[in-house]
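Shown next, in structure tokens, is the structure this report addresses.
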Amino acid sequence: MVKLTRLVKTSGCAAKLAAKDLHEVLSSLPRKTDGRLLVGFEGSDDALVYDLGNGEVMISTVDFFPPVADDPYTFGQIAAANALSDVYAMGGDPKVCMNLVCFPSCQDLGILKQILTGGCDKVHEAGAVVAGGHTIADSVIKYGLSVTGFCKKDSFWTNAGAMEGDVIVLTKKIGVGIINTAAKADEVPEDLLEQALLSMKTLNRRAKEAAKGLCVHAATDITGFSLLGHLYEMASSSGVSITIDHEKVPLFDGVIDLARFGFLSEGVYNNRDYIEASVHFDPSLKREVRDVLFDPQTSGGLALAMPEPDAMEYVGRMSGTPACVIARVEGRMDFPVFVV
């Protein structure tokens, strides 16, 4: 059996272009306004939002990456769940998807079939359909989706709007990037790897739907730019500061030890370079704990800024999952993000 993760240098969302470099390019692009484009790339949101003029908005996104699992079917599931997550992070329901595929012409086509089947099954689980796509012959396998979803115009979420007094709820555990890096060296217990794979292929559908009727001031999903990176973007877009209690952040068992042993992807260093100067750490915080918070996540959970009573109700609705309150939103201080 071909082990897909051995064919690539970086896996999943850890393969993203460094955020610092990406923002440098995006900030130089010319801007063309459209009154119906309600959310573009200016605020580092998870997807674009376009007003359909009928009380609804279209939410559109695209995401793909190299293998993050050795099993092709599992990789397809994870890549699809990760792409679908951007629509959930905007408060929408995904409806139509298209495949994006890079695949070596010399590789067994049975592998490609399993990848696409895994993706298709996950899309169907989300209540959406796959309606075509695009393929390129490439030396490195990559797979993902473009996703189109919909939402009521007065109900979509952005990463801006977090308010002083809110708390931040996180819905999945942190540490899959470190686990995936260690797995390449065969240094991860099988049960821990299976926990990480299960988390990555779990849709954020329930996490989005559990917020129905509750007040969500801001939202994002935690992917390649790490927990710290995405909460930094939320704090910056909202004009607030976010204080994270590191002891409340749900972590996979053993991930701190893996970080201490140095199983860190390139994405950890990219994320640290991007925002470390904007984060104030308690001086007593150990380096390996900081590294976990900089760890790029693949198909991570949602982070929701909510009034505390709504957050408590939400966590109750998410019983049986890792969902918990990890941070508080405060008025803007010297740093966008504090870790205590």
Side-chain angles (χ1 to χ4, degrees), residues 2 4-19 21-22 25-26 41 44-48 59-90 92 94-105 107 109 111-126 128-149 176-177 180 197 199-204 220-226 229-230 265-267 270 296-300:
V2 177
L4 299 186
T5 60
R6 304 307 198 272
L7 303 178
V8 297
K9 179 182 176 183
T10 54
S11 300
C13 287
K16 282 188 174 183
L17 187 68
D21 296 336
L22 178 60
V25 173
L26 293 180
F41 61 81
S44 302
D45 264 299
D46 299 296
L48 71 82
I59 301 172
S60 183
T61 186
V62 59
D63 211 317
F64 68 107
F65 48 57
V68 70
D70 287 323
D71 175 65
Y73 180 81
T74 301
F75 167 49
Q77 287 185 301
I78 292 170
N82 182 77
L84 291 160
S85 180
D86 285 342
V87 173
Y88 292 131
M90 302 294 289
K95 293 298 181 184
V96 182
C97 305
M98 299 189 77
N99 288 316
L100 293 168
V101 179
C102 294
F103 196 80
S105 56
Q107 191 58 264
L109 290 178
I111 294 174
L112 176 58
K113 181 179 179 180
Q114 291 180 64
I115 293 171
L116 294 178
T117 300
C120 190
D121 285 351
K122 191 56 63 171
V123 168
H124 291 168
E125 183 184 334
V129 295
V130 177
H134 187 67
T135 60
I136 291 289
D138 192 14
S139 59
V140 177
I141 296 174
K142 305 178 191 75
Y143 172 64
L145 300 170
S146 67
V147 185
T148 300
V176 296
N180 291 333
L197 293 173
S199 177
M200 288 187 285
K201 63 186 179 183
T202 298
L203 291 174
N204 279 324
T220 188
D221 62 345
I222 307 303
T223 54
F225 296 148
S226 76
H230 289 288
S265 70
E266 182 180 355
N270 288 338
Q297 303 303 286
T298 297
S299 190

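The analysis underlying the following values was restricted to heavy atoms, covering all of them including side chains, and did not include hydrogens, waters or symmetry mates. Fair warning: this is a prediction, and the values are worked out from it, not measured in the lab.
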Review point. Yes or no on side chain to side chain contact (heavy atoms under 4.5 Å, CB included) for V130 and N99, after CA distance, side-chain angles and deciding distance?
Key: CA-CA 7 Å; V130 177; N99 288 316; 3.5 Å; yes
**Study point:** Between T298 and N82, a side-chain donor and acceptor under 3.5 Å
**Key:** no
Check your understanding: Say you draw a straight line from CG of D121 to CD of Q77; how long is it, rounded to the nearest 0.5 Å?
Key -> 7.0 Å
**Study point:** Distance, nearest 0.5 Å, that separates CG of L100 from CG of L145
**Key:** 7.0 Å
**Study point:** Residues M90, T61; criterion side chain to side chain contact (heavy atoms under 4.5 Å, CB included); working and verdict
**Key:** CA-CA 10 Å; M90 302 294 289; T61 186; over 6 Å; no
Exercise for review: Starting at OH of Y88, measure out to CG of D46 and round the result to the nearest 0.5 Å.
Suggested key: 14.0 Å
Point to revise | P67 versus L4, closest heavy-atom pair with distance | key: CB-CB, 3.6 Å
Point to revise | Distance-minimising heavy-atom pair for G224 and P296 | key: O-CB, 3.1 Å
Review point. Does K142 use its side chain to pair, donor to acceptor, with the backbone of F64 at less than 3.5 Å?
Key: no
Exercise for review: Identify which one of I111, D138, I141, L112 satisfies the side-chain contact (heavy atoms from CB on, under 4.5 Å) criterion when paired with P104.
Suggested key: I141
Practice item. Please report the shortest heavy-atom distance between A69 and T74, naming the atom on each side. Key: CB-CG2, 3.9 Å
Practice item. Considering non-hydrogen atoms only, spot the tightest contact between M98 and G133 and give its length. Key: CE-N, 3.5 Å
Exercise for review: Measure the CG-CG distance between D86 and D221 for me, rounded to the nearest 0.5 Å.
Suggested key: 5.0 Å
Exercise for review: Supply the atom-to-atom distance Q297 CD to I222 CD1, rounded to the nearest 0.5 angstrom.
Suggested key: 8.5 Å
Check your understanding: Within a strict 4.5 Å, meaning less than it, do heavy atoms of the C102 and V140 side chains meet?
Key -> no
Point to revise | Between CZ on residue F75 and CE on residue M200, distance to nearest 0.5 Å | key: 11.0 Å
**Study point:** Any side-chain heavy-atom pair of F103 and L109 under 4.5 Å
**Key:** yes
**Study point:** Minimal non-hydrogen separation, S226 against G229, with atom names
**Key:** OG-N, 3.0 Å
Review point. Under the 3.5 angstrom rule, does the side chain of N204 hit a backbone N or O of G300 as a donor-acceptor pair?
Key: yes
